[in-house]
Amino acid sequence: MLREPQHDKRIIMKKYDHKKVEKKWQKVWEKEEPYKAEDTSDKEKFYCLIEFPYPSGAGLHVGHVRSYAALDVMVRKARMEGKNVLYPIGWDAFGLPTENYAIKHGIHPIEATKENVKVFKRQIKGLGISFDWSREINTTEPEYYKWTQWIFLQLYKKGLAYKQEMPINWCPSCKIGLANEEVVNGACERCGTESERRNIKQWMLKITEYADRLIEDLETVNYLDKIKIQQINWIGRSYGANVNFKVKDSDKQVEVYTTRPDTLFGATYMVLAPEHELVETLITEEYRGEVYEYQEQARHKSDLERTELSKDKTGVFTGAYAINPVNNEEIPIWIADYVLATYGTGAIMAVPAHDERDFEFAKKFELPIHEVIVKKFGETNPKADRRDAVAAVVKNDDKVLVLYNKKFDVYRLPSGGYEKGETAEETIGREMLEETGYDDFEITGYLGMINANFYLVDKKVQREKFHKGFLITLNSESKAETAFEDHEDYEGSWCTQQEAIEKLTPYGGGEEEFVRRAFDPSLKCFAGSEGAMVNSDFLNGLDVENAMQAMNKWLEDKGIGKAAKSYKLRDWVFSRQHYWGEPIPIVFCDKCGEVPVPEEQLPITLPMVEKYEPTDTGESPLAAIEDWVNTTCPTCGGVAKRETDTMPNWAGSSWYFLRYLDPKNKKEFVAQDKLKYWMPVDLYNGGMEHTTLHLLYSRFWNKFLYDIGAVPVSEPYKRRVSHGMILATDGEKMSKSRGNVINPDDVVEEYGADVLRTYEMFIGPYDQSVSWDTNGIKGVKRFLDKVWALQEKYDESYTFNVDEQPGKARDKLLHQVIKEVTNDVESMKFNTAVSSIMILTNSLWSDEKISKFEIEVLLSLLNPFAPHLVSEITETLKLKIEKWPVFDPEKAIIVTKEIVVQVNGKNRDKIALTADEDKFDEDTIKELALKSENVKKYLAGKEPKRVIYIKDKLVNIVV
RNA sequence: GGGCGAGUGGCGGAAUUGGUAGACGCGCUGGACUUAAAAUCCAGUGGCCUUAACAGCCGUGAGGGUUCAAGUCCCUCCUUGCCCACCA
C-alpha cells in the first residue's frame, strides 16, 4: 500500500535575512514618516510617553530597549485601532556625566552631546521603534532651554523661587560642591577626600507649598499602587501640634513640633538640634564649653555617620530649663544630633516613656521617664470594679514562670493588688513569696502599665485593672516553706515566650503583654493608638484620639500652641555650581538688587568656554567669564552681574512632555490649542528610581503652570507604569566593571531587531526584573523563523469551514488568541501575549494550508512586536493588515472539551464532551459523572452527600 | 528599624482571581534527515512506585486554619529583593 508522503515541516524556504529586510523597512519609514502624529484630529488621541534618555557615552542599554519596545507595541496597536498616536523622543542632555567627560577629554559638552545623541539615534532607529522623529527635542539647545528659563521666571514672579543659605557637600581637595550621588561613604567620589558641609546661598523652589495637592491629587490618576505609596511616603505628611515652651528665668520660648500632643504630660526633657539658632542664647556659662564642642563634632559628622551611629545616642545638657506648660514642671534642655534641624521646628519635647529614641536617650543620660499612656485590653465597662495591681515576669534566660490555676483552668502571672500603704515593689515582693514560694529574687526591670478590662472567672466580677509589670530575676531556687498555704490551687511551670503568650492570652488580663515586653525592651515605650491616658490630669481615661483633640483645644485656648502639619519633603535645591546646565536668568545690580531677566531677553545662552572645571571658590565656572558675567541691569541700566549658578538636570525634564506638543514654537512654550488636544499624557512609562524626584518635580511644575493658566490640566500623567530591570545572565546588575553588559547592537547584528524586541517582551513580566538568557533568545528566533516559513503554506484560494470540525476549533482558537493578545497588550502582559501568538503559530504550523484570514490575523497580532518581518511578509503575499483584528466574544469563550470529575476534591475521571456539547445540561452531566466506573470505585457504594457542578469545568462529588 | 513586593519543575515563567497546577519558551532525552556535525523536523519531559502501560501516591518556601474545592483567602514563621532610613 502506498503511504501518503508526510508533509515536510522543516524550514526549507530561504532563511529570513533580517539585515536586508530590517534595513529596507527602516528606510521606508524614514522616508514616508508614517508615525508622525497629527497636530489636531477628529480621531481619538493617544499620548504615549517614555522617559527621554540621558545620552551617555555608553550607548543604548538593553533596558532602554525593553520599555521603548513595550510602548512601541502599545502605540502600533493603537494606530491599527485608528487612534491619533503621539509617541515622541528627545534627549535629556544637561548634567554631570557629560561635563565630567568634557573635562577629562577636553571636548566641549556640546560636541560630546552631539556625538552621543548620534549614537543613540542610530541605535534606536535600528530597532524600528515608531517614534515621531519630527518632534525630537534636546534640553541643551537654546531654543528649548529658553522656555525652561521662562518657567523659572514665572516661578520667581510668584515667589516660588528664592535664595537661601543651604549646606552643600564640599570636597576640600577638588574645591567643588558635590551632588549627593557624588559622595560615596562620606568621601568625594573622584579623589576620596572626606567631604565637608559648607553653607552656600542656593536657589530654592517651594515645592512644599504644593505638598498637600501632590498627595491628594494622586486619587485622580491611575499610577501603580507602589508608585503612589512611594510618593506619599516621600512627601511624608504628618499631623500634630506646635507647642511653645517657656524657658525658665528668661523671656525666651522654644517651639517644638510633636505628632503626639496627647503625651505632653510625659514630656520630661527637651532636645534641640545642635544647629538650632536658640542654642547660643540658652546655654549657661557652666556648660558652654561642652556644648560648643558637641556642635563642632556634629558639624563634621556626615549624614552617613549620623545615621550609622543611630543606635548610640549622644547629646549634652545646655544648663537651661524649660517649663512644661501643662504641669509647670521644670524640664532640662539638651542638644542632640538625633534631632534634625531641618524637620519640624528643629526642637522636640521628649517623652521617653512612649518614644523609643527618647527612651534610649533617657536611659543613657538617666533622665526621668513618666508613663502617661497605657495599652488597653478589652472594652471599658463603666460598671467594672476598678483595681490597681502588679504582676511579676519571673525570667531566666529564655523562659518565664507561668502559674496554672487548677480549679478554674486558667493561666496567670504571679500578681495581686496592693495592701494598705504598700509600694508597688513591696506588693510584688509579697505576691512573689505567696504565690511562687521563691524567696531569693530581685526586681530587675519595670515593664510599664497596662489597662485590662475583662471578666475575672475566679472572682466572678467584671474588672478594670491598671496593672504594672515588673521583671524579676531569681538569685537562687530557694523557696520559703510556708508560702503555699493559701494557694494550693496554683502550679508553676516554666514556659518559652510563645508558650507563655498562648497560655496567658485567653485569661483576658493582658498579662501576655508583660511577657512580650520582657523579651523585647523596645516595646516598653508603647505609643500605639489603642491606649488609655493616665497621670495626665484632664486627659485621664481618654483614648488617644480624644486626648489629642482635647490637648490641641487646651493649647489653643491658652495660646500656647496649635494643631500643625509637617512634611518630610523639603524645598527643592535648584542651584548647581557647574557649567553644563541652564543659566538661571537673574541679574544682580548694586542699586536694584536681585532682578529677573526680562522675558524678551531669553534665552540666556551658555557662553563658550575653555575650561569647565568649577572654580576654587565653589562658584560655577561661569563666574570666571567676565564678559558674560558683567552685564547691565535691566531695570536701571547700571552695572550688574549675572547669576552664575545653573539649574539641576531635573529642570529640563520637568516639562519636556509639554514641549513635544509644539517643539518648534518660537512665540510660546506650547500653543494652547495643542495643549488642549493632547494633555494629559495617557500613558507614562519610566523607572522606579524616578518615582520620588523626577515624577514629583514634573507634577509640581505642571501644577504650577496650571495655576497660572499656562496648561489646561492639573495632573500631567493619567497613567504611570514602570518597567523592571534587565539583569545580566548572572543575575547581577549589568555594569562595565563586571564585564557582563549585553550590547543591543550585537544582538541586533546577530538576530535582528524583531527578535530582540520580541524576546524582551517575552522574557518575563514587564514590571519585574529579569535576567538576560542567551538561550532564550534562540527560542524567539525559532518562533519568528517559523512565522516566516508559514508563507509557504499560505494559499489564497483556501478557506476552512467554520461549521464543522476541525475548522470550528480553529475559528475558536483564532478568536481566543485575538482576545488574549488584545487584553494582554492593554494590561502590559506582553510575555503572555507573545505566548498566545506562539500557540496560534504552532497550530497553523500543523496544517498543510493556511487561509488568508488565518495568516492575516497572525500577522496583525504580531505586527506590533516584529514590524519589519510582518511588513515584508505582508508585502510579499499582498496582504492587508492595517486594522487590529476584533474578536467575537461568543467564540472567544474558552470551553474545555472535558469536564473533570472529582470525588472529595480529587480528580478521578473526565467526561469528554462531543460535538453537540451544547445539549449537555447540568443534570445530564451530573448523571454521567455518577455513572463513571472510576467514580463508582471511589464511592464504594456510599451515597453522595452533595454533587457540585461548575459550568463547563468540573463535577465534585462529596461523600 | 520602617514601607513595598516576591518565593511554583533543571531554568525563565503560566494559571480566566477559589475550580484539571506547570500554558509558552529554554534545557534535557529519544527518533528522522546527514558520511558527520550544525541547523531543521517529529515525539517525550514535575517527583515517587512500575520493564512499560493502566492505575496510584506526593507536589506551588514551612506549619496551622477556612472551604465540597486553596498556588490563590486568613493566622504564625522562614528566606529573599527593592526603596527609605534618628522625620518627633
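Lettering of chains follows the sequences in order, A, B, ..., and the numbering in each one begins at 1.
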Checklist line | A/D262: salt bridge (Lys or Arg N to Asp or Glu O under 4.0 Å) partners, not counting sequence neighbours | finding: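 Applying salt bridge (Lys or Arg N to Asp or Glu O under 4.0 Å) to A/D262 gives A/R260.
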Rounded to whole Å, how long is the line connecting atom [atom1] of [X] with atom [atom2] of [N]?
| X | N | atom1 | atom2 | value |
| --- | --- | --- | --- | --- |
| A/K228 | B/C84 | NZ | P | 21 Å |
| A/M761 | B/C24 | CE | C1' | 16 Å |
| A/N233 | B/A85 | CG | P | 11 Å |
| A/D824 | B/U17 | CG | P | 13 Å |
| A/Q768 | B/U80 | CD | C1' | 13 Å |
| A/F762 | B/G13 | CZ | C1' | 8 Å |

Could you check whether [X] gets within reach of a base, just the sugar-phosphate, or nothing at all, counting any heavy atom under 4.0 Å?
| X | result |
| --- | --- |
| A/D358 | nothing |
| A/I763 | sugar-phosphate |
| A/K733 | nothing |
| A/N831 | sugar-phosphate |
| A/I948 | base |

Checking contacts here: which listed nucleotide ([options]) is nearest the side-chain heavy atoms of [X]?
| X | options | result |
| --- | --- | --- |
| A/I229 | B/G3, B/G19, B/C26 | B/G3 |
| A/W845 | B/A15, B/C42, B/A88 | B/C42 |
| A/V900 | B/C26, B/U20, B/A23 | B/U20 |

Notebook entry, point to check: So, do A/F365 and A/Y269 have ring centers that fall under 6.0 Å from each other?
Noted result: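 Not under 6.0 Å, so no.
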Note to self: Tell me if the aromatic rings of A/W772 and A/Y759 count as close, with their centers under 6.0 Å from one another.
What the structure shows: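 Yes, close enough.
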Margin query: So that I can compare with my own list, what are the stems of RNA chain B, taken as at least three consecutive Watson-Crick or G-U pairs with distances under 3.5 Å?
Written below: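 Correct response: B:1-7 with B:78-84, B:10-12 with B:24-26, B:27-32 with B:40-45, B:46-48 with B:56-58, B:61-65 with B:73-77.
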Next item on the list: Measure distances between side-chain N and O atoms of A/N956 and base N and O atoms of B/C68, and say whether any donor-acceptor pair falls under 3.5 Å.
Entry: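 Counting by modelled atom types and ignoring angles, a donor-acceptor contact under 3.5 Å is found here.
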Item checked: A/K226 (side chain) and B/C83 (base): donor-acceptor pair under 3.5 Å ->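 Side chain to base: no pair present.
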Phosphate OP1/OP2 of [N] contacted by [X] side-chain N/O (<4.0 Å):
| X | N | answer |
| --- | --- | --- |
| A/R782 | B/A39 | no |
| A/N823 | B/U16 | no |
| A/W788 | B/U40 | no |
| A/R908 | B/C57 | yes |
| A/S238 | B/A88 | yes |
| A/N242 | B/A88 | no |
| A/K829 | B/A15 | yes |
| A/Y343 | B/A88 | yes |

Margin query: I'd like to know if A/R516 and A/E513 make a salt bridge, using a cut-off of under 4.0 Å between side-chain N and carboxylate O.
Written below: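 Counted as a salt bridge, because a side-chain N and a carboxylate O are separated by less than 4.0 Å.
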Note to self: Looking at A/E792 and A/K786, is any side-chain nitrogen of the basic one under 4.0 Å from a carboxylate oxygen of the acidic one?
What the structure shows: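 No, no charged N to carboxylate O under 4.0 Å.
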Next item on the list: Output every pair passing salt bridge (charged side-chain N to carboxylate O under 4.0 Å, His left out) with a member in residues 821-831 of chain A, not counting sequence neighbours, ordered by first then second residue.
Entry: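 For residues 821-831 of chain A, and leaving out neighbouring residues, the salt bridge (charged side-chain N to carboxylate O under 4.0 Å, His left out) pairs sorted by first residue read A/K77-A/E826.
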Check: Between B/U29 and B/A38, how far is it from one P atom to the other, in whole Å?
Finding: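 Taking atom P in both B/U29 and B/A38, they lie 11 Å apart.
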Notebook entry, point to check: Which whole number of Å gives the distance between the C1' atom of B/G44 and that of B/U34?
Noted result: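 Pairwise C1' distance, B/G44 against B/U34, rounds to 23 Å.
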Check: With nearest nucleotides of RNA chain B determined for A/S769 and A/M725 from heavy-atom distances, which residue corresponds to the more 5′ nucleotide?
Finding: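 Upstream on the strand: A/S769.
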Note to self: On RNA chain B, compare the nucleotides closest to A/V958 and A/G776; which residue's is nearer the 5' end?
What the structure shows: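 Taking each residue's closest nucleotide, the earlier one in sequence belongs to A/G776.
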Item checked: A/K565 atom NZ, neighbour heavy-atom count above 12 within 6.0 Å ->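 Yes, because the 6.0 Å sphere around NZ of A/K565 holds more than 12 heavy atoms from other groups.
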Margin query: Is it the case that over 12 heavy atoms from other parts of the model lie below 6.0 angstrom from the NZ atom of A/K364?
Written below: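 Enclosed: over 12 neighbouring heavy atoms sit under 6.0 Å from NZ of A/K364.
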Check: Is A/K313 positioned over the aromatic face of A/Y338, cation under 6.0 angstrom from the ring centre and no more than 45 degrees off axis?
Finding: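 Yes, a cation-pi geometry.
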Check: Syn or anti for B/G9, taking syn as within 90° of 0?
Finding: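 Nucleotide B/G9 adopts syn.
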Next item on the list: Answer syn or anti for B/U79, where the cut-off is 90° from 0 on the glycosidic torsion.
Entry: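 Anti, since the glycosidic angle lies more than 90° from 0.
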